[in-house]
2 protein chains.
Amino acid sequence: MNKAPKEQFFLQPVVNGSSGDLVTDLSVAIYEHRLLPGTKLGEDELSDIYNVSRTVVRAALQALSHLQLVELRRNRGAFVSQPTVREAREIFEARALLEPRTARSAAERMTDAALARLEAHIEAEHEAIHAGEQGKAVRLSGQFHIEISHIADQATIAEFIERLVARSSLIVAIYWRRQSALCDKHAHHALVEAFRRKDGAEAEALMKSHLLDILSALDLRETAKPQTSLKSILGKSPD
Amino acid sequence: MNKAPKEQFFLQPVVNGSSGDLVTDLSVAIYEHRLLPGTKLGEDELSDIYNVSRTVVRAALQALSHLQLVELRRNRGAFVSQPTVREAREIFEARALLEPRTARSAAERMTDAALARLEAHIEAEHEAIHAGEQGKAVRLSGQFHIEISHIADQATIAEFIERLVARSSLIVAIYWRRQSALCDKHAHHALVEAFRRKDGAEAEALMKSHLLDILSALDLRETAKPQTSLKSILGKSPD
DNA sequence: GTGCACAAAACTGTATACAATAAGGCAATA
DNA sequence: TATTGCCTTATTGTATACAGTTTTGTGCAC
(Lines give C-alpha, C1' and ligand atoms only; values in the text may rest on other atoms or scores of the structure.)
Protein backbone atom coordinates (compact mmCIF):
# COMPACT_ATOMS: atom_id res chain seq x y z
CA MET A 1 0.00 0.00 0.00
CA ASN A 2 1.42 3.34 -0.99
CA LYS A 3 0.11 5.50 1.74
CA ALA A 4 1.64 7.75 4.35
CA PRO A 5 5.17 7.81 2.99
CA LYS A 6 5.52 11.08 4.85
CA GLU A 7 6.50 9.64 8.17
CA GLN A 8 8.83 7.13 6.63
CA PHE A 9 11.38 9.88 6.35
CA PHE A 10 11.51 10.10 10.08
CA LEU A 11 11.56 6.43 10.78
CA GLN A 12 13.68 3.62 9.51
CA PRO A 13 12.43 2.70 6.03
CA VAL A 14 11.38 -0.70 7.22
CA VAL A 15 11.25 -2.91 4.15
CA ASN A 16 7.79 -4.26 4.61
CA GLY A 17 8.11 -6.51 7.58
CA SER A 18 10.29 -6.73 10.60
CA SER A 19 13.53 -4.87 10.24
CA GLY A 20 14.03 -5.64 13.87
CA ASP A 21 12.49 -4.39 17.01
CA LEU A 22 9.91 -1.66 16.83
CA VAL A 23 11.00 -0.32 20.18
CA THR A 24 14.59 -0.15 19.01
CA ASP A 25 13.68 1.60 15.78
CA LEU A 26 11.67 4.22 17.58
CA SER A 27 14.31 4.66 20.25
CA VAL A 28 16.99 5.25 17.66
CA ALA A 29 14.78 7.72 15.82
CA ILE A 30 14.25 9.62 19.04
CA TYR A 31 17.91 9.42 19.99
CA GLU A 32 18.87 10.83 16.62
CA HIS A 33 16.35 13.65 16.80
CA ARG A 34 14.48 12.45 13.74
CA LEU A 35 11.46 12.27 16.00
CA LEU A 36 11.36 15.45 18.03
CA PRO A 37 9.84 15.97 21.47
CA GLY A 38 6.13 16.57 21.22
CA THR A 39 5.66 14.51 18.08
CA LYS A 40 2.49 12.50 18.17
CA LEU A 41 2.95 8.81 17.61
CA GLY A 42 -0.40 7.58 16.32
CA GLU A 43 -1.12 3.90 16.63
CA ASP A 44 -2.69 3.48 13.21
CA GLU A 45 0.11 5.48 11.66
CA LEU A 46 2.79 3.26 13.16
CA SER A 47 0.95 0.04 12.43
CA ASP A 48 0.73 1.11 8.79
CA ILE A 49 4.41 1.96 8.59
CA TYR A 50 5.64 -1.18 10.26
CA ASN A 51 2.97 -3.50 8.91
CA VAL A 52 2.03 -4.86 12.28
CA SER A 53 -1.19 -4.66 14.21
CA ARG A 54 -1.98 -1.98 16.71
CA THR A 55 -1.53 -4.56 19.44
CA VAL A 56 2.22 -4.71 18.99
CA VAL A 57 2.42 -0.97 18.41
CA ARG A 58 0.71 -0.40 21.73
CA ALA A 59 3.11 -2.75 23.45
CA ALA A 60 6.04 -0.88 21.94
CA LEU A 61 4.65 2.49 22.97
CA GLN A 62 4.08 1.22 26.46
CA ALA A 63 7.67 0.03 26.61
CA LEU A 64 8.90 3.40 25.43
CA SER A 65 6.74 5.15 27.98
CA HIS A 66 8.37 3.12 30.72
CA LEU A 67 11.71 4.33 29.44
CA GLN A 68 10.15 7.79 29.65
CA LEU A 69 10.98 8.43 26.02
CA VAL A 70 7.31 8.81 25.18
CA GLU A 71 4.45 10.04 27.26
CA LEU A 72 1.08 8.30 27.18
CA ARG A 73 -1.98 10.42 27.77
CA ARG A 74 -5.17 8.52 28.33
CA ASN A 75 -7.50 8.64 25.35
CA ARG A 76 -5.11 11.07 23.73
CA GLY A 77 -2.32 8.89 22.49
CA ALA A 78 1.47 8.73 22.65
CA PHE A 79 3.81 11.67 22.27
CA VAL A 80 7.57 11.92 22.32
CA SER A 81 8.36 13.20 25.80
CA GLN A 82 9.19 16.82 26.43
CA PRO A 83 11.24 17.05 29.60
CA THR A 84 10.67 20.28 31.47
CA VAL A 85 13.47 22.54 32.57
CA ARG A 86 13.08 21.15 36.04
CA GLU A 87 13.27 17.58 34.86
CA ALA A 88 16.30 18.43 32.80
CA ARG A 89 18.08 19.75 35.86
CA GLU A 90 17.10 16.70 37.87
CA ILE A 91 18.32 14.35 35.21
CA PHE A 92 21.71 15.98 35.04
CA GLU A 93 21.95 16.07 38.80
CA ALA A 94 21.30 12.35 38.83
CA ARG A 95 23.90 11.81 36.14
CA ALA A 96 26.40 13.85 38.11
CA LEU A 97 25.68 11.62 41.06
CA LEU A 98 26.01 8.32 39.24
CA GLU A 99 28.33 8.65 36.31
CA PRO A 100 31.58 9.97 37.80
CA ARG A 101 31.71 7.14 40.28
CA THR A 102 30.79 4.71 37.54
CA ALA A 103 33.61 6.05 35.38
CA ARG A 104 36.02 5.40 38.23
CA SER A 105 34.71 1.91 38.56
CA ALA A 106 35.04 1.35 34.83
CA ALA A 107 38.63 2.57 34.86
CA GLU A 108 39.50 0.11 37.57
CA ARG A 109 37.97 -2.78 35.68
CA MET A 110 39.15 -1.74 32.25
CA THR A 111 40.27 -4.48 29.90
CA ASP A 112 41.98 -4.30 26.53
CA ALA A 113 38.84 -5.48 24.80
CA ALA A 114 36.69 -2.87 26.48
CA LEU A 115 39.21 -0.18 25.69
CA ALA A 116 39.17 -1.20 22.05
CA ARG A 117 35.40 -0.97 22.00
CA LEU A 118 35.50 2.54 23.40
CA GLU A 119 38.11 3.61 20.87
CA ALA A 120 36.07 2.18 18.03
CA HIS A 121 33.10 4.03 19.42
CA ILE A 122 34.90 7.34 19.39
CA GLU A 123 36.03 6.63 15.85
CA ALA A 124 32.41 6.10 14.84
CA GLU A 125 31.48 9.37 16.52
CA HIS A 126 34.11 11.23 14.52
CA GLU A 127 32.95 9.66 11.30
CA ALA A 128 29.37 10.63 11.97
CA ILE A 129 30.38 14.20 12.68
CA HIS A 130 32.47 14.46 9.55
CA ALA A 131 29.73 12.92 7.49
CA GLY A 132 27.44 15.62 8.77
CA GLU A 133 25.16 13.08 10.42
CA GLN A 134 24.56 15.16 13.48
CA GLY A 135 21.71 13.03 14.78
CA LYS A 136 23.77 9.91 14.64
CA ALA A 137 26.60 11.73 16.37
CA VAL A 138 24.31 12.71 19.20
CA ARG A 139 23.14 9.15 19.59
CA LEU A 140 26.65 7.70 19.57
CA SER A 141 27.77 10.34 22.01
CA GLY A 142 25.16 9.14 24.45
CA GLN A 143 25.94 5.50 23.84
CA PHE A 144 29.52 6.19 24.79
CA HIS A 145 28.34 6.90 28.31
CA ILE A 146 26.21 3.78 28.29
CA GLU A 147 29.17 1.73 27.14
CA ILE A 148 31.20 2.99 30.08
CA SER A 149 28.46 2.10 32.51
CA HIS A 150 28.41 -1.43 31.18
CA ILE A 151 32.14 -1.77 31.60
CA ALA A 152 31.72 -0.77 35.22
CA ASP A 153 29.85 -4.06 35.50
CA GLN A 154 27.04 -2.81 37.70
CA ALA A 155 23.94 -3.74 35.76
CA THR A 156 21.53 -1.97 38.07
CA ILE A 157 23.29 1.36 37.92
CA ALA A 158 24.01 0.88 34.22
CA GLU A 159 20.29 0.60 33.62
CA PHE A 160 19.69 3.86 35.46
CA ILE A 161 22.36 5.60 33.45
CA GLU A 162 20.85 4.22 30.29
CA ARG A 163 17.54 5.79 31.19
CA LEU A 164 19.19 9.08 32.06
CA VAL A 165 21.13 9.18 28.82
CA ALA A 166 18.00 8.42 26.85
CA ARG A 167 16.17 11.31 28.41
CA SER A 168 19.23 13.49 28.01
CA SER A 169 18.93 13.14 24.27
CA LEU A 170 15.46 14.59 24.53
CA ILE A 171 16.83 17.42 26.63
CA VAL A 172 19.49 18.13 24.06
CA ALA A 173 16.85 18.19 21.35
CA ILE A 174 14.94 20.85 23.23
CA TYR A 175 17.47 22.93 25.10
CA TRP A 176 20.75 22.63 23.21
CA ARG A 177 22.17 26.09 22.73
CA ARG A 178 24.95 25.74 20.19
CA GLN A 179 24.34 24.64 16.68
CA SER A 180 27.88 23.52 16.08
CA ALA A 181 29.13 19.98 16.31
CA LEU A 182 29.32 18.33 19.67
CA CYS A 183 31.84 19.87 21.94
CA ASP A 184 32.64 16.74 23.87
CA LYS A 185 34.81 15.19 21.20
CA HIS A 186 37.91 15.91 23.24
CA ALA A 187 36.25 15.06 26.51
CA HIS A 188 35.54 11.55 25.37
CA HIS A 189 39.07 11.19 24.10
CA ALA A 190 40.51 12.37 27.40
CA LEU A 191 38.32 9.88 29.21
CA VAL A 192 39.62 7.04 27.09
CA GLU A 193 43.16 8.11 27.89
CA ALA A 194 42.40 7.96 31.59
CA PHE A 195 40.84 4.56 31.08
CA ARG A 196 43.96 3.38 29.28
CA ARG A 197 46.02 4.33 32.30
CA LYS A 198 43.40 2.76 34.57
CA ASP A 199 43.40 6.06 36.40
CA GLY A 200 40.13 5.91 38.29
CA ALA A 201 40.45 9.25 40.05
CA GLU A 202 41.19 11.04 36.80
CA ALA A 203 38.32 9.32 35.01
CA GLU A 204 35.96 10.34 37.79
CA ALA A 205 37.11 13.95 37.62
CA LEU A 206 36.93 14.05 33.85
CA MET A 207 33.45 12.63 33.80
CA LYS A 208 32.29 15.14 36.35
CA SER A 209 33.57 18.10 34.40
CA HIS A 210 32.34 16.60 31.17
CA LEU A 211 28.80 16.46 32.52
CA LEU A 212 29.08 20.02 33.74
CA ASP A 213 30.21 21.03 30.28
CA ILE A 214 27.17 19.48 28.71
CA LEU A 215 24.91 21.10 31.26
CA SER A 216 26.46 24.48 30.61
CA ALA A 217 25.74 24.08 26.91
CA LEU A 218 22.04 23.89 27.65
CA ASP A 219 19.74 26.85 27.92
CA LEU A 220 17.70 25.99 30.98
CA ARG A 221 16.29 29.37 31.81
CA GLU A 222 12.66 28.97 32.74
CA THR A 223 11.58 31.60 30.28
CA ALA A 224 13.54 30.24 27.36
CA LYS A 225 12.23 28.04 24.59
CA PRO A 226 8.54 28.51 24.99
CA GLN A 227 8.11 27.22 21.44
CA THR A 228 8.57 23.75 22.72
CA SER A 229 5.40 23.49 24.67
CA LEU A 230 3.77 25.66 22.07
CA LYS A 231 4.59 23.16 19.39
CA SER A 232 3.00 20.43 21.39
CA ILE A 233 -0.14 22.44 21.83
CA LEU A 234 -0.54 23.84 18.36
CA GLY A 235 1.34 21.75 15.83
CA LYS A 236 0.47 18.12 15.58
CA SER A 237 3.00 16.79 13.12
CA PRO A 238 6.46 18.13 12.25
CA ASP A 239 5.93 18.97 8.59
CA MET B 1 -16.26 -23.02 35.38
CA ASN B 2 -15.18 -23.28 38.96
CA LYS B 3 -11.47 -23.45 38.46
CA ALA B 4 -8.45 -22.07 40.23
CA PRO B 5 -9.94 -20.44 43.28
CA LYS B 6 -6.60 -21.32 44.75
CA GLU B 7 -4.79 -18.21 43.64
CA GLN B 8 -7.45 -15.92 45.01
CA PHE B 9 -5.89 -16.41 48.38
CA PHE B 10 -2.76 -14.76 47.16
CA LEU B 11 -4.37 -11.86 45.42
CA GLN B 12 -6.75 -9.23 46.59
CA PRO B 13 -10.22 -10.81 46.69
CA VAL B 14 -11.41 -8.43 44.03
CA VAL B 15 -15.16 -8.31 44.36
CA ASN B 16 -15.99 -9.12 40.80
CA GLY B 17 -14.87 -6.06 38.96
CA SER B 18 -12.29 -3.37 39.31
CA SER B 19 -11.08 -2.91 42.83
CA GLY B 20 -8.55 -0.53 41.43
CA ASP B 21 -5.48 -0.86 39.37
CA LEU B 22 -4.36 -4.31 38.42
CA VAL B 23 -0.72 -3.25 38.45
CA THR B 24 -1.13 -1.85 41.93
CA ASP B 25 -2.86 -4.95 43.22
CA LEU B 26 -0.16 -7.23 41.87
CA SER B 27 2.58 -4.94 43.12
CA VAL B 28 1.13 -4.93 46.60
CA ALA B 29 0.77 -8.70 46.54
CA ILE B 30 4.42 -9.03 45.57
CA TYR B 31 5.51 -6.42 48.09
CA GLU B 32 3.67 -8.28 50.82
CA HIS B 33 5.12 -11.63 49.83
CA ARG B 34 1.73 -13.11 49.07
CA LEU B 35 3.10 -13.73 45.60
CA LEU B 36 6.55 -15.23 45.98
CA PRO B 37 9.46 -15.04 43.55
CA GLY B 38 9.13 -17.66 40.85
CA THR B 39 5.35 -17.76 40.92
CA LYS B 40 3.87 -18.07 37.49
CA LEU B 41 1.36 -15.38 36.60
CA GLY B 42 -0.80 -16.92 33.91
CA GLU B 43 -2.76 -14.55 31.73
CA ASP B 44 -5.98 -16.53 31.69
CA GLU B 45 -5.73 -17.06 35.40
CA LEU B 46 -5.42 -13.36 36.09
CA SER B 47 -8.10 -12.37 33.62
CA ASP B 48 -10.44 -14.80 35.37
CA ILE B 49 -9.65 -13.42 38.80
CA TYR B 50 -9.93 -9.79 37.86
CA ASN B 51 -12.70 -10.16 35.31
CA VAL B 52 -10.86 -8.31 32.62
CA SER B 53 -9.61 -9.44 29.27
CA ARG B 54 -6.15 -10.77 28.65
CA THR B 55 -5.34 -7.53 26.88
CA VAL B 56 -5.29 -5.53 30.07
CA VAL B 57 -3.61 -8.34 31.95
CA ARG B 58 -0.81 -8.34 29.41
CA ALA B 59 -0.43 -4.59 29.72
CA ALA B 60 -0.20 -4.91 33.48
CA LEU B 61 2.36 -7.69 33.27
CA GLN B 62 4.41 -5.65 30.86
CA ALA B 63 4.32 -2.72 33.23
CA LEU B 64 5.44 -4.94 36.08
CA SER B 65 8.23 -6.35 33.98
CA HIS B 66 9.49 -2.84 33.37
CA LEU B 67 9.55 -2.37 37.10
CA GLN B 68 11.50 -5.64 37.16
CA LEU B 69 9.01 -7.13 39.55
CA VAL B 70 8.08 -9.82 37.07
CA GLU B 71 10.11 -11.44 34.35
CA LEU B 72 8.61 -12.11 30.94
CA ARG B 73 9.87 -15.11 29.02
CA ARG B 74 8.83 -15.32 25.43
CA ASN B 75 6.15 -17.93 24.82
CA ARG B 76 6.54 -18.99 28.42
CA GLY B 77 4.68 -16.35 30.33
CA ALA B 78 5.23 -14.06 33.28
CA PHE B 79 6.90 -15.02 36.55
CA VAL B 80 7.58 -13.08 39.70
CA SER B 81 11.23 -12.10 39.44
CA GLN B 82 13.89 -13.96 41.36
CA PRO B 83 16.85 -11.64 41.83
CA THR B 84 20.14 -13.48 41.94
CA VAL B 85 22.67 -13.03 44.73
CA ARG B 86 24.66 -10.81 42.44
CA GLU B 87 21.68 -8.66 41.58
CA ALA B 88 20.84 -8.42 45.26
CA ARG B 89 24.29 -7.06 46.01
CA GLU B 90 24.08 -4.61 43.15
CA ILE B 91 20.73 -3.36 44.25
CA PHE B 92 21.89 -2.66 47.75
CA GLU B 93 25.06 -1.02 46.47
CA ALA B 94 22.89 1.26 44.39
CA ARG B 95 20.70 1.99 47.37
CA ALA B 96 23.75 2.79 49.46
CA LEU B 97 24.79 5.20 46.75
CA LEU B 98 21.46 6.98 46.39
CA GLU B 99 19.53 6.83 49.62
CA PRO B 100 21.86 8.37 52.19
CA ARG B 101 22.27 11.48 50.13
CA THR B 102 18.56 11.54 49.47
CA ALA B 103 17.87 11.30 53.20
CA ARG B 104 20.10 14.31 53.76
CA SER B 105 18.23 16.17 51.09
CA ALA B 106 14.92 15.20 52.64
CA ALA B 107 16.04 16.38 56.06
CA GLU B 108 16.94 19.76 54.67
CA ARG B 109 13.58 20.15 52.98
CA MET B 110 11.51 18.64 55.76
CA THR B 111 8.18 20.24 56.48
CA ASP B 112 5.73 19.67 59.27
CA ALA B 113 3.28 18.01 56.94
CA ALA B 114 5.90 15.63 55.60
CA LEU B 115 7.05 14.83 59.10
CA ALA B 116 3.51 14.03 60.10
CA ARG B 117 3.18 11.70 57.14
CA LEU B 118 6.33 9.85 58.13
CA GLU B 119 5.17 9.51 61.70
CA ALA B 120 1.83 8.18 60.60
CA HIS B 121 3.68 5.77 58.40
CA ILE B 122 5.75 4.44 61.26
CA GLU B 123 2.60 4.11 63.30
CA ALA B 124 1.07 2.00 60.56
CA GLU B 125 4.17 -0.15 60.49
CA HIS B 126 3.90 -0.79 64.20
CA GLU B 127 0.26 -1.68 63.92
CA ALA B 128 0.97 -4.13 61.14
CA ILE B 129 3.70 -5.79 63.17
CA HIS B 130 1.53 -6.07 66.25
CA ALA B 131 -1.33 -7.41 64.20
CA GLY B 132 0.98 -10.09 62.91
CA GLU B 133 0.63 -8.90 59.35
CA GLN B 134 4.22 -9.44 58.48
CA GLY B 135 3.76 -9.01 54.76
CA LYS B 136 2.09 -5.68 55.21
CA ALA B 137 4.86 -4.65 57.55
CA VAL B 138 7.47 -5.46 54.95
CA ARG B 139 5.63 -3.42 52.36
CA LEU B 140 5.18 -0.43 54.63
CA SER B 141 8.79 -0.63 55.64
CA GLY B 142 9.78 -0.25 52.01
CA GLN B 143 7.31 2.52 51.40
CA PHE B 144 8.88 4.46 54.22
CA HIS B 145 12.01 4.75 52.12
CA ILE B 146 9.98 5.74 49.10
CA GLU B 147 8.21 8.40 51.12
CA ILE B 148 11.55 9.89 52.11
CA SER B 149 12.72 9.97 48.52
CA HIS B 150 9.61 11.89 47.56
CA ILE B 151 10.19 14.43 50.28
CA ALA B 152 13.66 15.00 48.89
CA ASP B 153 11.83 16.38 45.88
CA GLN B 154 14.01 14.83 43.23
CA ALA B 155 11.56 12.91 41.11
CA THR B 156 14.16 11.25 38.95
CA ILE B 157 16.12 9.82 41.83
CA ALA B 158 12.93 9.03 43.70
CA GLU B 159 11.86 6.88 40.80
CA PHE B 160 15.13 4.98 40.93
CA ILE B 161 14.78 4.43 44.64
CA GLU B 162 11.25 3.23 44.12
CA ARG B 163 12.50 0.62 41.70
CA LEU B 164 15.26 -0.42 44.05
CA VAL B 165 12.91 -0.75 47.00
CA ALA B 166 10.51 -2.80 44.93
CA ARG B 167 13.20 -5.27 43.99
CA SER B 168 14.47 -5.23 47.54
CA SER B 169 11.20 -6.71 48.68
CA LEU B 170 11.84 -9.61 46.32
CA ILE B 171 15.31 -9.96 47.76
CA VAL B 172 13.94 -10.03 51.28
CA ALA B 173 11.47 -12.70 50.23
CA ILE B 174 14.30 -14.90 49.01
CA TYR B 175 17.28 -14.16 51.19
CA TRP B 176 15.95 -12.86 54.48
CA ARG B 177 17.71 -14.72 57.26
CA ARG B 178 15.76 -13.96 60.40
CA GLN B 179 12.20 -14.99 60.86
CA SER B 180 11.47 -12.46 63.53
CA ALA B 181 9.80 -9.15 63.01
CA LEU B 182 11.59 -6.43 61.15
CA CYS B 183 14.60 -5.10 62.94
CA ASP B 184 14.47 -1.65 61.49
CA LYS B 185 11.69 -0.44 63.68
CA HIS B 186 14.10 1.66 65.70
CA ALA B 187 16.10 2.69 62.67
CA HIS B 188 13.08 4.31 61.11
CA HIS B 189 12.25 6.03 64.35
CA ALA B 190 15.77 7.39 64.66
CA LEU B 191 15.58 8.67 61.12
CA VAL B 192 12.40 10.54 61.87
CA GLU B 193 14.03 12.12 64.88
CA ALA B 194 16.89 13.33 62.69
CA PHE B 195 14.35 14.65 60.22
CA ARG B 196 12.57 16.50 62.98
CA ARG B 197 15.79 18.28 63.83
CA LYS B 198 16.46 18.85 60.13
CA ASP B 199 19.82 17.26 60.77
CA GLY B 200 20.92 16.29 57.27
CA ALA B 201 24.26 14.84 58.21
CA GLU B 202 22.72 12.65 60.88
CA ALA B 203 19.97 11.48 58.54
CA GLU B 204 22.54 10.58 55.93
CA ALA B 205 24.59 8.60 58.41
CA LEU B 206 21.56 6.86 59.85
CA MET B 207 20.31 5.86 56.43
CA LYS B 208 23.69 4.49 55.50
CA SER B 209 23.93 2.30 58.56
CA HIS B 210 20.31 1.32 58.23
CA LEU B 211 20.93 -0.03 54.74
CA LEU B 212 23.98 -1.89 55.96
CA ASP B 213 21.86 -3.41 58.70
CA ILE B 214 19.35 -4.68 56.21
CA LEU B 215 22.11 -6.05 53.99
CA SER B 216 23.69 -7.84 56.93
CA ALA B 217 20.37 -9.52 57.68
CA LEU B 218 20.44 -11.18 54.27
CA ASP B 219 22.08 -14.46 53.51
CA LEU B 220 23.84 -13.71 50.26
CA ARG B 221 26.35 -16.54 50.19
CA GLU B 222 26.57 -17.85 46.66
CA THR B 223 26.03 -21.37 47.86
CA ALA B 224 23.04 -20.61 49.98
CA LYS B 225 19.47 -21.01 48.89
CA PRO B 226 20.04 -23.13 45.84
CA GLN B 227 16.41 -24.07 45.86
CA THR B 228 15.68 -20.71 44.38
CA SER B 229 17.28 -21.20 41.02
CA LEU B 230 16.42 -24.86 41.20
CA LYS B 231 12.81 -24.06 41.63
CA SER B 232 12.82 -21.86 38.59
CA ILE B 233 14.41 -24.55 36.47
CA LEU B 234 12.63 -27.64 37.69
CA GLY B 235 9.52 -26.74 39.62
CA LYS B 236 6.77 -24.96 37.84
CA SER B 237 4.51 -23.70 40.56
CA PRO B 238 5.08 -23.31 44.29
CA ASP B 239 2.23 -25.42 45.60
C1' DG C 1 -18.15 38.35 12.76
C1' DT C 2 -18.08 35.77 17.01
C1' DG C 3 -19.45 32.23 20.12
C1' DC C 4 -21.82 28.16 21.35
C1' DA C 5 -24.04 23.71 20.47
C1' DC C 6 -24.52 19.63 18.22
C1' DA C 7 -22.98 16.10 15.14
C1' DA C 8 -19.57 13.47 12.79
C1' DA C 9 -15.05 11.74 12.36
C1' DA C 10 -10.83 10.05 14.26
C1' DC C 11 -8.54 7.83 17.66
C1' DT C 12 -7.72 5.18 21.73
C1' DG C 13 -9.41 1.36 25.23
C1' DT C 14 -11.03 -3.25 25.56
C1' DA C 15 -12.57 -7.76 24.29
C1' DT C 16 -12.31 -11.76 21.59
C1' DA C 17 -10.91 -14.92 17.96
C1' DC C 18 -7.27 -17.19 15.66
C1' DA C 19 -2.31 -18.62 14.93
C1' DA C 20 2.07 -20.11 16.71
C1' DT C 21 4.83 -22.00 20.07
C1' DA C 22 6.06 -24.68 24.02
C1' DA C 23 4.86 -28.25 27.53
C1' DG C 24 3.16 -32.78 28.91
C1' DG C 25 1.65 -37.39 28.11
C1' DC C 26 1.45 -41.68 25.79
C1' DA C 27 3.00 -45.27 23.15
C1' DA C 28 6.40 -47.78 20.69
C1' DT C 29 10.94 -49.61 20.67
C1' DA C 30 15.34 -50.96 22.32
C1' DT D 1 12.26 -50.66 32.28
C1' DA D 2 14.18 -46.62 30.27
C1' DT D 3 14.23 -43.66 26.36
C1' DT D 4 12.79 -41.44 22.33
C1' DG D 5 9.53 -39.70 19.17
C1' DC D 6 5.08 -37.94 18.22
C1' DC D 7 0.72 -36.11 19.38
C1' DT D 8 -2.41 -33.67 22.28
C1' DT D 9 -3.17 -29.86 25.21
C1' DA D 10 -2.38 -25.61 27.24
C1' DT D 11 -0.63 -21.06 26.96
C1' DT D 12 1.19 -17.13 24.78
C1' DG D 13 1.59 -13.89 20.43
C1' DT D 14 -0.99 -11.35 17.09
C1' DA D 15 -4.81 -9.49 14.54
C1' DT D 16 -9.24 -7.57 14.29
C1' DA D 17 -13.74 -5.95 15.68
C1' DC D 18 -16.37 -3.06 18.63
C1' DA D 19 -17.17 0.45 22.36
C1' DG D 20 -16.03 4.80 24.53
C1' DT D 21 -13.82 9.21 24.45
C1' DT D 22 -11.82 13.13 22.51
C1' DT D 23 -11.42 16.18 18.86
C1' DT D 24 -13.01 18.67 14.99
C1' DG D 25 -16.04 20.67 11.81
C1' DT D 26 -20.41 22.70 10.67
C1' DG D 27 -24.33 25.47 11.36
C1' DC D 28 -27.24 28.46 13.83
C1' DA D 29 -28.14 32.19 16.92
C1' DC D 30 -26.72 36.49 18.75
Side-chain angles (χ1 to χ4, degrees), chain A residues 1 3-4 6-7 14 16-26 35 38-66 70-81 230-239, chain B residues 1-7 14 16-26 35 38-66 70-81 230-239:
Chain A
M1 57 191 89
K3 73 184 214 178
K6 177 186 61 176
E7 287 295 317
V14 179
N16 198 13
S18 59
S19 85
D21 189 4
L22 211 155
V23 176
T24 306
D25 282 358
L26 289 171
L35 289 173
T39 305
K40 161 123 196 214
L41 302 174
E43 298 183 357
D44 279 328
E45 202 174 6
L46 290 172
S47 60
D48 279 351
I49 293 171
Y50 286 92
N51 284 96
V52 291
S53 76
R54 274 181 53 220
T55 306
V56 2
V57 170
R58 280 180 74 82
L61 290 175
Q62 199 189 344
L64 289 170
S65 88
H66 288 122
V70 318
E71 188 184 340
L72 295 181
R73 303 182 202 163
R74 184 171 177 92
N75 289 320
R76 299 278 306 277
F79 302 81
V80 179
S81 292
L230 216 138
K231 210 165 66 177
S232 76
I233 295 168
L234 302 179
K236 41 183 183 174
S237 64
D239 303 87
Chain B
M1 58 189 88
N2 53 354
K3 72 180 215 181
K6 176 185 60 178
E7 287 296 316
V14 178
N16 199 13
S18 59
S19 84
D21 190 4
L22 211 156
V23 175
T24 307
D25 282 356
L26 288 172
L35 287 173
T39 305
K40 163 129 196 204
L41 302 174
E43 298 184 357
D44 278 328
E45 202 174 4
L46 290 172
S47 59
D48 279 350
I49 294 171
Y50 286 91
N51 283 96
V52 290
S53 76
R54 275 181 52 221
T55 306
V56 3
V57 170
R58 281 179 74 82
L61 291 176
Q62 200 188 343
L64 290 170
S65 88
H66 288 123
V70 318
E71 186 185 342
L72 295 180
R73 304 180 202 164
R74 183 172 177 90
N75 287 320
R76 299 277 308 277
F79 302 82
V80 179
S81 292
L230 219 138
K231 210 166 65 179
S232 75
I233 294 169
L234 304 180
K236 41 183 183 171
S237 66
D239 303 86

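Since the model is a prediction, treat every value here as computed from it, not as a measurement.
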Atom-to-atom span, [atom1] of [X] to [atom2] of [N] - whole angstrom:
| X | N | atom1 | atom2 | value |
| --- | --- | --- | --- | --- |
| B:Glu71 | D:dT12 | CD | P | 15 Å |
| A:Leu72 | C:dT12 | CG | C1' | 11 Å |
| A:Gln62 | C:dG13 | CD | P | 10 Å |
| A:Glu43 | D:dC18 | CD | C1' | 15 Å |
| A:Arg73 | C:dT12 | CZ | P | 12 Å |
| B:Asp48 | D:dT12 | CG | P | 12 Å |
| B:Leu22 | C:dG13 | CG | C1' | 15 Å |
| A:Lys40 | D:dT24 | NZ | P | 9 Å |

Item to complete: Check for a donor-acceptor pair, side chain of B:Lys40 on one end and backbone N or O of B:Val80 on the other, with a separation under 3.5 Å.
Response: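 Checking the backbone N and O of B:Val80 against the side chain of B:Lys40, no donor-acceptor pair under 3.5 Å is found.
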Worksheet item: Between B:Gln62 and A:Gln62, is there a donor-acceptor pair closer than 3.5 Å when you use the side chain of the first and the backbone of the second?
Response: no
Discussion item. Run the side chain to side chain contact (heavy atoms under 4.5 Å, CB included) test against A:Thr55 and tell me which residues pass, sequence neighbours left out.
Written reply: A:Ser53
Spatial distance of atom [atom1] ([X]) from atom [atom2] ([Y]) [nearest 0.5 Å]:
| X | Y | atom1 | atom2 | result |
| --- | --- | --- | --- | --- |
| A:Leu64 | A:Leu41 | CG | CG | 8.0 Å |
| A:Leu26 | A:Leu46 | CG | CG | 6.0 Å |
| A:Tyr50 | A:Asp25 | OH | CG | 4.0 Å |

Any idea which heavy atoms bring [X] and [Y] closest together, and the distance?
| X | Y | result |
| --- | --- | --- |
| A:Val23 | A:Ala63 | CG2-CB, 4.1 Å |
| A:Val70 | A:Leu61 | CG2-O, 3.6 Å |
| A:Val52 | A:Ser47 | O-CB, 2.9 Å |

Distances under 3.5 Å between protein N/O atoms and the N/O atoms of nucleotides 15-19 of chain C, please, pair by pair.
| unit_1 | atom_1 | unit_2 | atom_2 | d |
| --- | --- | --- | --- | --- |
| C:dA15 | OP2 | B:Ser53 | N | 3.0 |
| C:dA15 | OP2 | B:Ser53 | OG | 2.8 |
| C:dA15 | N7 | B:Thr55 | OG1 | 2.8 |
| C:dT16 | O4 | B:Thr55 | OG1 | 3.3 |

Between protein and nucleic acid, restricted to nucleotides 20-22 of chain C and to nitrogen or oxygen atoms under 3.5 Å apart, what atom pairs and distances do you find?
| unit_1 | atom_1 | unit_2 | atom_2 | d |
| --- | --- | --- | --- | --- |
| C:dT21 | O3' | B:Asn75 | ND2 | 3.2 |

Please write out each protein N/O paired with an N/O of nucleotides 5-9 of chain C under 3.5 Å, distance rounded to 0.1 Å.
none

Discussion item. Among residues at least two apart in sequence or on other chains, which ones pass side chain to side chain donor-acceptor pair (under 3.5 Å) with B:Glu43?
Written reply: B:Arg54, B:Arg58
